[in-house]
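Side chains are part of it too, since the values below use all heavy atoms of this structure and drop only hydrogens, waters and symmetry mates.
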Amino acid sequence: MDLFDKCKNFVVYKEIEQAGLYPYFQPISSEQGTEVIINGKKILMLGSNSYLGLTVHPKVKQAAINAIKKYGTGCAGSRFLNGTLDIHIELEEKLAKFTKKEKAVLFSTGFQANLGAIAGLVGKDDYVIIDKSDHASIVDGTKLSFGEVKRFLHNDMQSLEKVLQSIDIDAGKLIVVDGIYSMDGDIANLPEIIKLKKKYNARVMVDDAHAFGVIGENGSGTASHFNLIEDTDIIMGTFSKSFASLGGFIAADAYVIDYLKHFARSLIFSASITPASCAAVLASLEIMQSEPQLIEKLWANTNRMRNGLKSAGFDTLQSCTPIIPVLVGEDLKVLQYRKMLFEEGIFVNPVVSPAVPKNKALIRLSLMATHTFDQIDFAIEKITKVGKKLGVI
C-alpha cells in the first residue's frame, strides 16, 4: 500500500461539505470579540476561549505593538541559545509569583508545555497516570515519554486508586489532570487526587489551560481554587485563552524547572515565544489581577446562560464552569444544529465522535466576561428555537 493511499481515501469531509454541514476552518475577518465577521456577516461568538475578553483589550493590544517596536517580530532562536529576552524572564518571574510557585519556564505553545514537561520528567521505569478525558497534548506527551502510561475513568477516584494500587509504591509516578475539562466543563477532583497522591507516593501535575482567569484567587487556577497550591507539584498554563496571546508555561519548585530547562526537548529545540505574545501576556496578567470584576462578570454570564438552558430543558452534563456543553446525541444532528444556529447568527463549536462517545455528540458553548446579558438572552432564545426544531428538547 502506498503511504498516501489513506489520504486519497479520506473523503468523508467532502461528503459533509457537499451536504453544507462542514463546520471547520471557518475564516474570521475581524478581531475575536463577542461578535465576529464571517463571510461578511456579523455573528455572535459563543465558541471562543477568550474567557475574560482580553484579546480586544486596548492595553493588551498596545503592549504587543510596543514590544514589536522595541524587539522586532521574533527572537530568531530558542530560549536555550539566543532567544531569551529580558521580558521572557520578567514574565516567568511574574507567573511564578501569580501561581505561588518558586519558578516558571515559558514554552512557545501550551501544547509544547505539556509535551516538554511530561516527556522530560517521565522516564524508563516511571509511570504517567492520566484521566481518560485529558487534553490531547497530555496524551501526546505521554507517548513521547519512555514511561508506562495508565489511564483512569474520568474524575473517578476509585478508578484512579485502582491504577495506583497496581503500581510499585516506590516507582516514579506522575498523575496528570486537566483543572477544568475543555469539553465537559467540570473541574478535577483535586482534593481527592492529592489524598491519593500522598497515599501512593506520586506527584501531581494540573493543566490549567481553561482554569486561569476563571477559578482561584484572581483567576490563578485550580490549586488556588481548592487551597492546594503547596500539594500540587506542577502547574501548567497556556496563553491562548484568558491570557489573550499564544504560548505556555510550567510552574513548579525551582529544581524541577531547572531540570526541565535542560531536558524538555520542546523548549530546547523550538523558537521562543515572540515579543508581542510575551508582552500581551504581561498586560493580560496585570489586568486579571487588577480588575477582578472581569471574573465576576464572567461568572454572572455563565450562570445566566446555564440557568437559561436548563430551564429550557437542555442537558448541560456536569458543567460548573464557563464551558457549557449542550448534549445533542447524533453526530449528524450536531452538525445540523451548528449550521442552523449559524444561520440564526450564532457561532458554536460542534463536538462529535470520537472526541466524545458515540451518540453523545454535543454543542460546546463558552462564555466571555464581555458578553452582555442581551447577547446571552438572544443566544438562549435561538438555541431553544433550533433545539425544538431538531427534537433535542
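- Asp253 places no side-chain N or O within 3.5 Å of a backbone atom of Val256 that could act as its donor or acceptor partner.
- Residues Lys310 and Phe314 have side chains not in contact (no heavy-atom distance under 4.5 Å, counting atoms from C-beta outward).
- No donor-acceptor contact under 3.5 angstrom links the side chains of Asp134 and His154, judged on distance only.
- With hydrogens and angles left out, the side-chain atoms of Lys297 and Asn301 include a donor and acceptor closer than 3.5 Å.
- The environment of CG in Asn227 is sparse: at most 12 heavy-atom neighbours from other residues, nucleotides or ligands sit within 6.0 Å.
- Taking the centre and axis of the six-membered ring of Phe263, the NZ or CZ atom of Arg265 falls outside the cone set by 45° and 6.0 Å.
- Under the 3.5 Å distance criterion, the side-chain polar atoms of Glu291 are left unmatched by any main-chain donor or acceptor of Met288.
- Side-chain contact annotation: Thr55 with Glu31, donor-acceptor N/O pair under 3.5 Å absent.
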> After noting the C-alpha distance and the side-chain angles of Glu217 and Lys100, does the key distance pass the salt bridge (Lys or Arg N to Asp or Glu O under 4.0 Å) rule?
Replying inline: CA-CA 11 Å; Glu217 182 182 4; Lys100 296 182 180 177; 3.2 Å; yes
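- For Tyr181 and His210, the ring centers are positioned 6.0 Å apart or more.
- Asp207 and Asn114 form a side-chain donor-acceptor contact under 3.5 Å, judged by distance and modelled atom types alone.
- Arg79 and Thr84 form a side-chain donor-acceptor contact under 3.5 Å, judged by distance and modelled atom types alone.
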Sequence neighbours left out, cut at 3.5 Å: what donor-acceptor pairs do the side chains of residues 237-249 make with other protein atoms?
from, atom 1, to, atom 2, distance (Å)
Thr238, OG1, Ser240, OG, 3.2
Thr238, OG1, Gly247, O, 3.2
Ser242, OG, Phe212, O, 2.7
Ser245, OG, Ser277, O, 2.8

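- A 4.5 Å side-chain heavy-atom check between Phe152 and Ile129 finds at least one atom pair inside the cut-off.
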